[in-house]
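Since the model is a prediction, treat every value here as computed from it, not as a measurement.
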Amino acid sequence: MKYDTIFFDIDDTLFDFGKTEQNALHKAFSDFGLPSGVQDYRPRYKEISKVLWGDLEQGRTTLAELGVERFRRLFVEYNLSIDAERFNQIYLGYLGEGSQLVPGAFEVCTNLNGCRLAVITNGFGQVQKSRIAGSPLSHAFEEVIISEEAGYQKPHTGIFDYAFSKLQISNKERVLMVGDSLTSDIQGGINYGIDTCWFNPNYKDNNIGVKPTHEIRELTDLLKIVGQKQAVLIK
């Protein structure tokens with residue numbers, strides 16, 4: 001078996017963030033008297049949020065600033081008299097309730113026999129912990145590494161140093177980073193000198209020059225890469 005430690009991203013790798021986000025936004029907007037808020041504002045919100053998450057990866061903002069700023073910009077643009085900080089708090093509360101898994105996530109984590117599994121996420125700490133705790137993967141991970149606690153976010157090497165220290169490992173050759181983001185998960189793994197696996201179920205183009213070690217369309221294909229292709233899936 002080539003790899004014995006697997007680091008997973010959370011959002012859009014193991015958990016279906018799209019569904020979770022949509023549900024949380026709908027509930028939050030409804031609380032503020034805007035039941036059609038998801039239809040009216042989500043497309044623009046996603047554009048704003050994407051820019052800010054990119055800024056976070058590059059160290060140009062903090063997670064706390066990002067949480068409020070994404071809604072502040074949205075509400076200013078649409079002239080909505082809503083307190084962005086309060087809205088963000090309510091939204092994060094609902095976000096923490098979302099534990100929908102990506103197809104194959106439970107099967108993969110259950111069948112990676114002999115591997116140490118851990119999470120490395122740039123997400124909000126309490127939100128991510130709540131989502132994992134409420135999911136079928138609640139006992140799957142030896143460690144949940146969160147950028148807020150590590151003091152660094154992917155793709156910075158500091159968060160990987162923190163993860164290696166937590167798990168008390170040193171051999172990079174036997175570690176694999178699995179995630180959906182080329183700029184965060186894959187670039188982070190490359191920066192740190194560990195192998196990477198790009199989970200790309202939607203056949204996105206890779207036009208930014210980041211080269212993962214492996215690329216998969218279905219999470220269960222990870223079993224073949226790790227060396228457990230003969231495993232009988234336990235569901």
One thing to verify: whether [Y] and [X] come together as a salt bridge, which I'm taking to mean a side-chain N less than 4.0 angstrom from a carboxylate O.
X	Y	value
K166	E142	no
R72	E85	no
E69	R73	yes
K154	D9	yes

May I ask you to decide if the ring planes of Y41 and F29 are parallel, tilted or perpendicular, using 30° and 60° as cut-offs? tilted

Between the side chain of [X] and the main-chain N/O of [Y], is any donor-acceptor distance below 3.5 Å?
X	Y	value
S30	H26	yes
W198	D180	yes
T110	F106	yes
D16	G18	yes
E148	G125	yes
T62	E65	yes
D185	G189	no
T213	T196	yes
N202	K204	no
N88	A84	no

So do [Y] and [X] actually touch side chain to side chain, heavy atoms under 4.5 Å?
X	Y	value
I208	L182	yes
E143	L117	no
S181	E57	yes
I225	D221	no
I169	R116	yes
I82	L34	yes
I194	L176	no
L95	L92	yes

Should the heavy atoms of other residues, nucleotides or ligands under 6.0 Å from [atom1] of [X] be counted, would the total exceed 12?
X	atom1	value
E149	CD	yes
K19	NZ	no
R60	CZ	yes

Rounded at 0.5 Å granularity, tell me how far [atom1] in [X] sits from [atom2] in [Y].
X	Y	atom1	atom2	answer
I145	I120	CD1	CD1	6.5 Å
E77	I48	CD	CD1	5.0 Å
T5	N171	OG1	CG	8.5 Å
F8	C109	CZ	SG	4.5 Å
F7	C197	CZ	SG	15.0 Å
L14	L219	CG	CG	6.5 Å

What are the two closest heavy atoms between [X] and [Y], and how far apart are they?
X	Y	result
W53	G123	CH2-CA, 4.3 Å
A133	S138	O-CB, 3.6 Å
P43	Q39	CD-O, 4.1 Å
N206	P212	ND2-CD, 3.9 Å
G179	I186	O-CD1, 4.1 Å

[X] and [Y]: side-chain donor and acceptor closer than 3.5 Å?
X	Y	answer
Q187	T183	no
N23	Y94	no
T220	E107	no
Y78	D40	no

Any chance you could lay out the side chain to side chain contact (heavy atoms under 4.5 Å, CB included) test for D195 and V175, step after step, and finish with the verdict? CA-CA 7 Å; D195 283 2; V175 179; over 6 Å; no

Is there a path of hydrophobic side-chain contacts, each under 4.5 Å between heavy atoms, that joins [X] and [Y]?
X	Y	value
V178	L137	yes
I159	V119	no
F17	L63	yes
L56	F71	yes
V108	F199	yes

Please step through side chain to side chain contact (heavy atoms under 4.5 Å, CB included) for the pair I216 and N200, ending with a clear verdict. CA-CA 6 Å; I216 57 175; N200 184 22; over 6 Å; no

Hey, would you say the F160 and Y152 ring centroids sit under 6.0 Å apart?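 When the ring centroids of F160 and Y152 are compared, they turn out to be at least 6.0 Å apart.
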
T121 and S147: side chain to side chain contact (heavy atoms under 4.5 Å, CB included), yes or no, with the steps? CA-CA 6 Å; T121 175; S147 58; over 6 Å; no

Test salt bridge (Lys or Arg N to Asp or Glu O under 4.0 Å), reference E21, set R70, K46, K27, output is K46

Sorted by chain and number, sequence neighbours left out, side chain to side chain contact (heavy atoms under 4.5 Å, CB included) with S99 holds for F15, R131, S135

F32 and ring pair (Phe, Tyr, Trp, His ring centres under 6.0 Å): which partner among F75, F87, Y91?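 It is F87, the one option of F75, F87, Y91 that forms the ring pair (Phe, Tyr, Trp, His ring centres under 6.0 Å) with F32.
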
Kindly determine whether R174 and K2 satisfy side chain to side chain contact (heavy atoms under 4.5 Å, CB included), including the steps that lead there. CA-CA 6 Å; R174 298 187 63 80; K2 181 173 175 57; 5.8 Å; no

